[in-house]
Amino acid sequence: MSSVLACMDVFLRDGLMYSILALGFYISFSILDFADLSVEGTVLLGGVSYSLLVCKGVNPWLAVIVAFVLGSLAGCVTGLLHVKLKIRPLLCGILVSTALISVNLVLAVVGNGGSFNGEGALSTISFSRNDPTVLRTFPASLIPDKTGAFNLRELITFLVVALIFKWILDWYLKTKNGLLLRATGCNEQYVSMLAQNPGRSKITGLAISNGYAAVAGALIATSRANANQGMGIGMIVIGLASVIIGLSLFGKLRFLKPTTMVILGSIVYQACLAIATYLGVPSAYNKIIMAVLFTVALVFSNSIKKGASKA
Amino acid sequence: MIEFIDIVKKFNVGTPDETTLFDGFNLKIEKGEFVCVVGSNGSGKTTMLNLLCGSLPVDSGKIVLDGKNITKMNEYVRAKYIGRVFQDPQKGSAAKLTILENMALADNKNKRYLLTPAINKKRMDYYKSLLEECNMGLENRLDVQVGSLSGGQRQALALVIANMSDIDILILDEHTAALDPKSSERIMQLTDMFVKEKKATALMVTHNLRYAVEYGTRLIMMDKGRIVLDKAGEEKQNTKIDDILYQFNQISIECGN
Ligand SMILES: Nc1ncnc2c1ncn2[C@@H]1O[C@H](COP(=O)(O)OP(=O)(O)O)[C@@H](O)[C@H]1O
Ligand SMILES: [Mg+2]
């Protein structure tokens, strides 16, 4: 019984933490129809920058904001490559995430006391027991750390952060600028006819979505108590699968906002992974299961789309 | 006044498929004119509109609007002065947004799109009154996604949207082609009303010779990137379908359709 609860604790935590990444993908993939691969780099950028600042004693909430800003800047680069140099979305993402491998490595090594050659120190940033992560700082520190099998403080903190970022996005999408972003995703020429630059709108969207990815990176680092250079791997599948599962599984429930569906999708996806682990599937097979689940979600959402167009 | 001066436009430059559509194309349209454009398929009507709106660049030549050279101006910058309804009903609005959201966006044209609420409930009655004029029941469906409307309804919405801001030029590209005869008639009446109301300069491409004769103050026929017939003023008012039908059939037959 207690292992069931422990399993729940894991997937709720992971689901909430990755839901912010999924919200980012909701912007780039669902709204802008832009398959953004730069996220592998920006999640890590968020994790590394946040961890560095926390280890230097900076207020962790401020560090989350810095992570967001840095992620957004990386997203702007992706957008600029696409809009100004007319490079295809997939390639823009590959270019930016590749460049970020070096950036993140050097950033981490320098933060650990190494040189700007990227040598002379570890590339993984680990928190010590006293480092003030978001979980050890006001207001999260007021919440009891554990109740039974649940890491209550972590769950509540991640839930609140996820909800805050969901609400910000909900609010933004109802502003003039946000509505223009949604219009850009379905009809760029229409946006041009409104005398607005659709390129600018795209860059804005990619900046926000990569900012969200970086914030997810900060939470992942908090939860794992470190930021290592492999952290970004698999983030595209996690984010996209969460969005697609959320929108196809809950799409019929009209009272739910898409952003809520995406958060639920992220939790469902992590629950499936956790159940696989619970059933004894070795963790080495994790990525296969992720890919299979993603495939199922894609097929599922395709069949829903077909059904809808027939109706 | 709109001026096309010595326009050259080629497609697929540098490939075996290179074609020259316009080779020294000239056209001058006075302020307030309502120009009906007819011509066979592929004669360059849509391309002419794309060049004017900046959706396509010219290879050489100038496009001048009220004395200002706009040849190098971006599409979205020119759009300040232009309202446009495309041949394809899907192009005139955003499918995933509701009617209300589309109209709220268009209502804000030529202002800034900042972080303020997009929808102003006080404007709803105004939007409804605009939609009522289309006679398609759209006024009761403000919260419906535009993607689920019929082609005719979407085209009517596109026409309303194109006219929501202060425009100097109205561009219409076979905007009634996708509609049933009754909706088509209604949309034409609305178009005429908007043009008169806005005192806009209008350019309307149509395949319907009756509309070309009935509406507008000037009639142009195009063929292979050239203007082969141009009637304005009294001459245009006295033109009957039969007068242009023969010539239209000639160029259409040449093209094989
Ligand atoms: N983007 C394009 N690429 C290549 N050829 C084009 C393009 N747009 C138009 N054309 C060519 O220009 C000619 C005129 O097209 P268009 O202006 O659409 O004609 P119309 O609207 O009068 O039917 C056609 O023969 C077409 O093949
Ligand atoms: Mg055409």
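Excluded from the calculations below are hydrogen atoms, water molecules and symmetry mates; all remaining heavy atoms, backbone and side chain alike, are included. Proteins come first, then strands; the chains are lettered A, B, ... in the order of their sequence lines, and each starts at number 1.
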Please examine the side chains of [Y] and [X], heavy atoms only from C-beta on, and report whether any two atoms are closer than 4.5 Å.
X	Y	answer
Tyr76(B)	Val191(A)	no
Leu179(A)	Leu97(B)	yes
Tyr190(A)	Leu105(B)	yes
Ser55(B)	Gln189(A)	yes
Ile82(B)	Met193(A)	yes
Arg182(A)	Glu101(B)	yes

Let me know if [X] has heavy atoms under 4.5 Å from chain A in its side chain, its backbone, both or neither.
X	answer
Asn74(B)	neither
Arg112(B)	backbone
Tyr81(B)	neither

* **Asn110(B) (side chain) donor-acceptor with Ala195(A) (main chain) under 3.5 angstrom** =>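 A pair under 3.5 Å: no.
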* To do: Go through the atoms of Asn177(A) and report whether side chain, backbone, both or neither lie under 4.5 Å from a heavy atom of chain B.
  => both
* Asked: Does any heavy atom of chain B fall under 4.5 Å from the side chain of Thr204(A), the backbone, both, or neither of them?
  ->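 Contact with chain B is absent: no heavy atom of Thr204(A) under 4.5 Å.
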* Crowded around Lys80(B) NZ? As in, over 12 foreign heavy atoms under 6.0 Å? -> no
